> 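Quick one: the structure is below, questions incoming.
All of these numbers come straight from a predicted model, not from anything done at the bench.
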Amino acid sequence: MTDTVFWGLMIPFIGTALGAACVLFLKKEINAVLQHALIGFAAGVMVAASVWSLLLPSIDRAADMGKLAFFPAVSGFCVGIVSMMLADKLLPHIQAQKENEKVAMLVLAVVIHNIPEGMAVGAAFAGALAGQSDTAFSAAMMLSMGIGIQNLPEGAIISMPLASRGMRKGKAFGRGVLSGIVEPIAGALTVLLSTLIVPILPYLLAFAAGAMIYVVVEELVPEMSECGRAYTGTLMFMLGFSLMMTLDVALG
């Protein structure tokens, strides 16, 4: 069972790493149209992930609260947005650093999103270990595999924008991989501390959704629409949103 739990916790990280590897196949020079297309795609993926991977699971996990099941989702979502707003204010707004700041906010949002996703997988395996049921282990593994597949585009939306801003492909790939390492760590901690972490998981899921939506609204949407490339960004937003929605619903 120990090996099953280990690989179950690692699968989402492997999915992120495979998605980040997409950057290795990009051309050395990325033109402005492709750069804006990647930003639009990233925005679509993040909005869909916020809804189907974070907010809806937050509400589902709070179902025992009855009509107040919305409270963890609403409160966590609002705190997530305000927290990212404060973090944005604390970052230096020197013009020369503005591009690096946008990328930093994108990476931070995805990392924050990966933590409760890893916890959700850890909570599934913690429940399976408590019951020692083969069915529960199979369900936990399916959840892990589903999140791993969903992480393919999420890994790409970290590494590809970094490369589009001039970072070496190998370094951009490494940053994309590192953004996913928090998932198995969070999952393992949840297994070890399940009685403490699982009750607050609905709030953490919604917090991550708020963080991602803030970055989309504040950084990605304005950038994908600038320089007369609104249609390209919008179409790629549609593609990213549709892909992530399809993955979340089909694998959920």
> Tabulate below the donor-acceptor pairs under 3.5 Å that side-chain atoms of residues 64-87 make, not counting sequence neighbours, or state none.
residue	atom	partner	partner atom	Å
Ser75	OG	Phe71	O	2.7
Ser75	OG	Pro72	O	3.4
Ser83	OG	Val79	O	2.8

> Is there a side-chain contact between Phe41 and Pro153 (heavy atoms, below 4.5 Å)?
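The answer is yes, as the side chains (C-beta and beyond) meet within the 4.5 Å cut-off.
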> To the nearest 0.5 Å, tell me how far Ile39 CD1 sits from Thr232 OG1.
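These two atoms lie 13.0 Å from each other.
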> Only pairs under 3.5 Å count here: list side-chain donor-acceptor contacts from residues 237-244, not counting sequence neighbours, and write none if there are none.
residue	atom	partner	partner atom	Å
Ser242	OG	Met238	O	2.8

> Quick one, Ser50 and Val216 - any side-chain contact, counting heavy atoms below 4.5 Å?
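Ser50 vs Val216: side chains apart.
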> Met119: what forms a side-chain contact (heavy atoms from CB on, under 4.5 Å) with it, not counting sequence neighbours?
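Scan of Met119 (side-chain contact (heavy atoms from CB on, under 4.5 Å), adjacent residues dropped) gives Ile115, Ala186, Thr190, Ile197, Leu201, Leu204.
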> Would you check if His113 and Leu54 make a side-chain contact, meaning some heavy-atom pair closer than 4.5 Å?
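His113 vs Leu54: side chains touch.
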> Can you find a pair of side-chain heavy atoms, one from Asn114 and one from Glu117, that are under 4.5 Å apart?
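Yes, side chains in contact.
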> Do the non-hydrogen side-chain atoms of Glu154 and Val45 ever get within less than 4.5 Å of each other?
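Counting from C-beta outward, Glu154 and Val45 do come under 4.5 Å.
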> How far does OH of Tyr214 sit from CD of Glu219, to the nearest 0.5 angstrom?
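Nearest 0.5 Å value for the OH-CD distance: 6.5 Å.
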> Given side chains that start at C-beta, do those of Phe173 and Leu162 come closer than 4.5 Å, heavy atoms only?
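The answer is no; the side chains never approach within 4.5 Å.
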> Does a side-chain heavy-atom distance below 4.5 Å link Val107 with Arg175?
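They are not in contact (no side-chain heavy atoms under 4.5 Å apart), so the answer is no.
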> Leu38 and Met236: side chain to side chain contact (heavy atoms under 4.5 Å, CB included), yes or no, with the steps?
CA-CA 7 Å; Leu38 292 175; Met236 290 303 293; 6.0 Å; no
> Is there a path of hydrophobic side-chain contacts, each under 4.5 Å between heavy atoms, that joins Val221 and Val51?
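Yes.
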> Using a 6.0 Å cut-off, check whether atom CE of Met10 has over 12 heavy atoms from anything other than its own residue.
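Yes - once you tally the heavy atoms of other residues, nucleotides and ligands closer than 6.0 Å, there are more than 12.
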> Drop me the distance from Ser138's OG to Leu143's CG, to the nearest 0.5 angstrom.
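It comes to 12.5 Å.
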> Taking the side chain from Asn151 and the backbone from Pro12, do they hold a donor-acceptor pair closer than 3.5 Å?
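Present.
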> Working to the nearest 0.5 angstrom, can you tell me the gap between Phe25 CZ and Lys169 NZ?
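The CZ atom of Phe25 sits 9.5 Å away from the NZ atom of Lys169.
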> Nearest 0.5 Å, what's the OG1-CD1 distance between Thr16 and Ile157?
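Going from the OG1 atom of Thr16 to the CD1 atom of Ile157 covers 10.0 Å.
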> So do Ile11 and Ile147 actually touch side chain to side chain, heavy atoms under 4.5 Å?
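A side-chain contact under 4.5 Å is absent here.
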> Can you tell me how far apart CG (Leu24) and CE (Met160) are? Round to the nearest 0.5 Å.
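Answer rounded to 0.5 Å: 10.5 Å.
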